[in-house]
Amino acid sequence: MHTFVVIDFETTGLSPAHGARPTEIAAVLVRNGKIQDSYQSLMNAGVYIPYMIEELTGISNDMVRAAPKVSTVMQEVGEFVGDHPLVAHNAAFDKKFLDAEFARLKIKRRQEFVCSLLLARRVFPSAPSHKLSALATTLGLQGAKRYHRALADAEVTAHLLLHIKEALQERYRLPHISHELMLALQNVPRSQLAAYVAKYSAAKTI
DNA sequence: TGCCAGGCCCTCTTTAGGGCCTT
């Protein structure tokens, strides 16, 4: 997994099925362990941002009103992402917004998401919390002085994924962690992680 | 009118409930 793209959405709510739309997105390209490129933009979906969410993200209705149309931004995101493997923290959330916005543009997502939340729960089970900001503190990750802005969160998630990857490599003495293995591990029960990695490694070396 | 997510994961579980995580 030498190259991947981390995605983070800020939105007007929790569910696109109930009318929530994106207000901001960031995509961060990581190659060979370093952030090499990034895309970020506010976007205007013509949907009111509730006061509570304005307070949470600092993204106001005025800011979004002056931003590019959501269709323009999502088209650019599609081009930036390309076929690279995708990563997000609690990927189920970002995936459903990405798919909902892509569907409006008749764009089809071509790759699966690796979820840094699912992996962190398995690799660092004793962390006091697995929310992004808490993991950043616990693990001493490089990153954000603030949270709940798309680029800051995407950058911290990139460092988190790299940290998880290094921990797995060190713990199981693996020379390389593939996207395929990360995708599999996020769904393996925590108690079976070591056994799964051993079986996977053996199969790959035969 | 009032309400409104959903999937993971643990446990005092599996004929279920509730906390966590994303905004």
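No hydrogens, no waters, no symmetry mates; every other heavy atom, side chains included, goes into these values. Numbered from 1 within each chain, the chains take letters A, B, ... in sequence-line order.
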(request) Identify the heavy atoms of A:Thr12 and A:Pro50 that sit nearest to each other, and give their distance. (result) O-CD, 3.5 Å

(request) Take atom P in B:dC3 and the same atom in B:dT22, then report the distance between them in whole Å. (result) 26 Å

(message) In terms of relative ring orientation, are A:Tyr200 and A:Tyr196 parallel, tilted or perpendicular, with 30° and 60° separating the classes?
(response) parallel

(request) With heavy atoms under 4.0 Å as the rule, sort A:Asp8 into base, sugar-phosphate or nothing. (result) sugar-phosphate

(message) Rounded to whole Å, please give me the gap between OH in A:Tyr51 and P in B:dT23.
(response) 19 Å

(request) Quick one: closest heavy-atom pair of A:His179 and A:Val114, and the distance? (result) CE1-CG2, 3.3 Å

(message) How close do A:Ile53 and A:Thr11 get, counting heavy atoms only, and between which atoms?
(response) CG2-O, 3.3 Å

(message) Whether A:Asp99 and A:Lys96 form a salt bridge (side-chain N of Lys/Arg under 4.0 Å from carboxylate O of Asp/Glu) is what I want to check.
(response) no

(message) To check you understand the geometry: which heavy-atom pair defines the closest contact between A:Val123 and A:Arg171, and what is its length?
(response) O-NH2, 2.9 Å

(request) Measure from the side chain of A:Phe93, starting at C-beta and using heavy atoms only, and say which of B:dT23, B:dC21, B:dC8 lies closest. (result) B:dT23

(request) Indicate whether OP1 or OP2 belonging to B:dC10 is found under 4.0 Å from a side-chain N or O atom of A:Arg190. (result) yes

(request) State whether the distance check finds a donor on one side and an acceptor on the other, under 3.5 Å, for side chain A:His18 versus base B:dC4. (result) yes

(request) From the options B:dT22, B:dC21, B:dT23, select the nucleotide whose nearest atom is closest to the side chain of A:Leu132. (result) B:dT22

(message) Need one value for A:Phe9: base, sugar-phosphate or nothing, where a base atom within 4.0 Å counts as base even if backbone is also close, heavy atoms only.
(response) sugar-phosphate

(request) Determine, using ring centers only, whether A:His130 and A:His89 are less than 6.0 Å apart. (result) no

(message) Within the 4.0 Å heavy-atom criterion, would you say A:Asn187 contacts the bases, only the backbone, or no part of the nucleic acid?
(response) nothing

(request) Check every strand shown and say whether A:Ile53 touches a base, only sugar-phosphate, or nothing at a heavy-atom separation below 4.0 Å. (result) base

(message) How many whole angstroms separate atom CZ of A:Phe113 from atom P of B:dC8?
(response) 15 Å

(message) Please give me the minimum heavy-atom distance between A:Arg149 and A:Asp8, naming the atom from each residue.
(response) O-OD2, 4.4 Å

(message) What is the distance, to the nearest angstrom, from the OH atom on A:Tyr147 to the C1' atom on B:dC21?
(response) 15 Å

(request) Send over the distance from A:Leu119 CG to B:dC20 C1', rounded to a whole Å. (result) 16 Å

(request) Quick one: which residue pairs count as a ring pair (Phe, Tyr, Trp, His ring centres under 6.0 Å) with a foot in residues 9-31 of chain A, not counting sequence neighbours? (result) none

(request) Find the distance A:His89:NE2 to B:dT23:C1' and express it as a whole number of Å. (result) 13 Å

(request) Could you give the distance separating B:dG18 and B:dT14 at their C1' atoms, to the nearest angstrom? (result) 15 Å

(request) Using a heavy-atom cut-off of under 4.0 Å over every strand shown, decide if A:Thr57 touches base, sugar-phosphate, or nothing. (result) sugar-phosphate

(message) Short of 4.0 Å, heavy atom to strand atom, which residues of residues 65-77 of chain A count as contacting DNA chain B?
(response) none

(request) Quickly work out the A:Lys96 NZ to B:dG7 P distance and round it to whole Å. (result) 8 Å

(request) Output the single nucleotide from B:dT23, B:dT22, B:dC9 whose closest atom is nearest the side chain of A:Lys131. (result) B:dT22

(request) Report which part of the nucleic acid A:Ser129 touches: base, sugar-phosphate, or nothing (heavy-atom distance under 4.0 Å, all strands). (result) sugar-phosphate

(message) Say we look at B:dT23 and B:dG6: how far apart would their C1' atoms be, to the nearest angstrom?
(response) 13 Å

(message) By nearest atom, which of the nucleotides B:dA5, B:dC21, B:dT23 is closest to the A:Leu56 side chain?
(response) B:dT23

(message) Nearest whole Å is fine: how far is B:dC9 C1' from A:Asn90 CG?
(response) 13 Å

(request) Find which nucleotide of DNA chain B each of A:Thr11 and A:Ala92 is nearest to by heavy atoms, and output the residue with the more 5' nucleotide. (result) A:Ala92

(request) Could you work out the separation of B:dC12 and B:dG19 based on their C1' atoms and round it to a whole Å? (result) 15 Å

(message) Output the rounded distance in Å from CD (A:Glu24) to P (B:dT23).
(response) 11 Å

(message) Please determine whether a side-chain nitrogen or oxygen atom of A:Arg122 lies at a distance below 4.0 Å from atom OP1 or OP2 of B:dC9.
(response) yes

(message) Between B:dG17 and B:dT13, how many Å separate the two C1' atoms, rounded to a whole number?
(response) 9 Å

(message) Both A:Ser15 and A:Pro128 contact DNA chain B. Which one's nearest nucleotide lies toward the 5' end?
(response) A:Ser15

